[in-house]
Q: 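My questions all concern the structure below.
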Amino acid sequence: LGRLDFAIDTSGSITQEQFTQFVSEVHSVLRMLKPKEIGVYQFDHKLQGSNVVRKMTDILTIPFSGGGGTRPQCAIDEFKSNKALGLIILTDGRFHKSLLTNPKRPVIWVVYDNPRFTPPFGTAVHFELKT
């Protein structure tokens, strides 16, 4: 499997617990699918970080960075600038969708605790944290 990219929402509405769950999901994909590499972006109102992960231990060192508003377009722009096969966006879906541009590659929105979220493009998968 070639490169996959993950964009993790680190806006003010995301807690440390949610961020940890998002990173756990990235870790699971790395473990199960064994892609060549994973791009991991953190975004709030701007791109807070962009890392390339090639082994499981790398994912555990990514710090939580953000806390502002939510603008996923910055992560979509980063995805458009590389050769990843697809983008998985981990978010609560609480942002304005009207200005987002379709990158013309597969996008999966993994949406926490927002069952009414419909994606502007791509596919949505909804989940809730296990307690």
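Just so you know, these numbers come straight off a predicted model, no measurement behind them.
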Q: Ignoring hydrogens and angles, write down the donor-acceptor pairs under 3.5 Å from the side chains of residues 80-91, residues two or more places apart or on other chains.
A:
| unit_1 | atom_1 | unit_2 | atom_2 | d |
| --- | --- | --- | --- | --- |
| Lys80 | NZ | Thr101 | OG1 | 3.4 |
| Ser81 | OG | Glu78 | O | 2.7 |
| Asn82 | OD1 | Ala84 | N | 2.7 |
| Asn82 | ND2 | Asp5 | OD2 | 2.8 |
| Asn82 | ND2 | Tyr41 | OH | 2.7 |
| Asn82 | ND2 | Glu78 | O | 3.3 |
| Thr91 | OG1 | Asp9 | OD2 | 2.7 |
| Thr91 | OG1 | Gly93 | N | 3.0 |

Q: Which residue pairs pass the salt bridge (Lys or Arg N to Asp or Glu O under 4.0 Å) test with at least one member in residues 35-49, sequence neighbours excluded?
A: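 Matches after skipping sequence neighbours: Arg3-Glu37, Glu37-Arg54.
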Q: Can you name the closest pair of heavy atoms from Pro106 and Phe79 and give their distance?
A: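 Heavy atoms only, the tightest pair is O-CZ, 4.1 Å.
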Q: Once you round to the nearest 0.5 Å, how far does CG of Asp77 lie from CZ of Phe43?
A: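 So the CG of Asp77 and the CZ of Phe43 are separated by 12.0 Å.
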Q: Search all heavy atoms of Leu99 against all heavy atoms of Gln73 and return the closest pair with its distance.
A: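 Heavy atoms only, the tightest pair is O-OE1, 3.8 Å.
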Q: Do Thr123 and Val107 touch side chain to side chain, with heavy atoms closer than 4.5 Å?
A: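 No - every pair of side-chain heavy atoms lies 4.5 Å or more apart.
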Q: Taking atom OH of Tyr112 and atom CD of Gln18, what is their separation to the nearest 0.5 Å?
A: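 The OH atom of Tyr112 sits 4.5 Å away from the CD atom of Gln18.
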Q: According to side chain to side chain contact (heavy atoms under 4.5 Å, CB included), who are the partners of His126, at least two apart in sequence or on a separate chain?
A: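 With neighbours one apart ignored, the set is Val111, Phe117, Ala124.
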Q: Using a 3.5 Å cut-off and no angle test, enumerate the donor-acceptor pairs between side-chain atoms of residues 23-33 and protein atoms at least two apart in sequence or in another chain.
A:
| unit_1 | atom_1 | unit_2 | atom_2 | d |
| --- | --- | --- | --- | --- |
| Glu25 | OE2 | Gln21 | NE2 | 2.8 |
| Ser28 | OG | Ser24 | O | 3.1 |

Q: Determine whether Leu100 and Ile108 fall in the same hydrophobic cluster, where Ile, Leu, Val, Met, Phe, Trp and Tyr are linked whenever their side-chain heavy atoms lie under 4.5 Å apart.
A: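 Per the 4.5 Å side-chain linkage, Leu100 and Ile108 are not co-clustered.
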Q: Specify whether Phe22 and Phe127 have parallel, tilted or perpendicular ring planes, treating 30° as the upper limit for parallel and 60° as the lower limit for perpendicular.
A: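 Perpendicular, since the angle between the ring planes exceeds 60°.
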Q: Is there a path of hydrophobic side-chain contacts, each under 4.5 Å between heavy atoms of I, L, V, M, F, W or Y residues, that connects Leu47 with Ile76?
A: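 Result: yes, single cluster for both.
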Q: Filter on salt bridge (Lys or Arg N to Asp or Glu O under 4.0 Å), then keep only pairs touching residues 95-119, sequence neighbours left out; what's left?
A: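 Qualifying pairs: none.
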Q: Is it true that Phe121 and Phe6 fall in one hydrophobic cluster, defined by side-chain heavy atoms closer than 4.5 Å?
A: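 No, Phe121 does not connect to Phe6 through the hydrophobic network.
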Q: Sequence neighbours left out, what passes side-chain hydrogen bond (donor to acceptor under 3.5 Å, both in side chains) with Ser13? Give chain and number order.
A: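 With sequence neighbours excluded, Ser13 shows a side-chain hydrogen bond (donor to acceptor under 3.5 Å, both in side chains) to Ser11, Asp92, given in chain and number order.
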Q: Measuring from Trp109:CH2 to Thr118:OG1, what's the distance to the nearest 0.5 Å?
A: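 Taking CH2 in Trp109 and OG1 in Thr118, the distance rounds to 10.5 Å.
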Q: According to a 4.5 Å side-chain heavy-atom criterion applied to Ile, Leu, Val, Met, Phe, Trp and Tyr, with indirect links allowed, do Ile14 and Phe95 form part of one hydrophobic cluster?
A: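 No, because Ile14 and Phe95 fall into different hydrophobic clusters, even though each may have its own neighbours under 4.5 Å.
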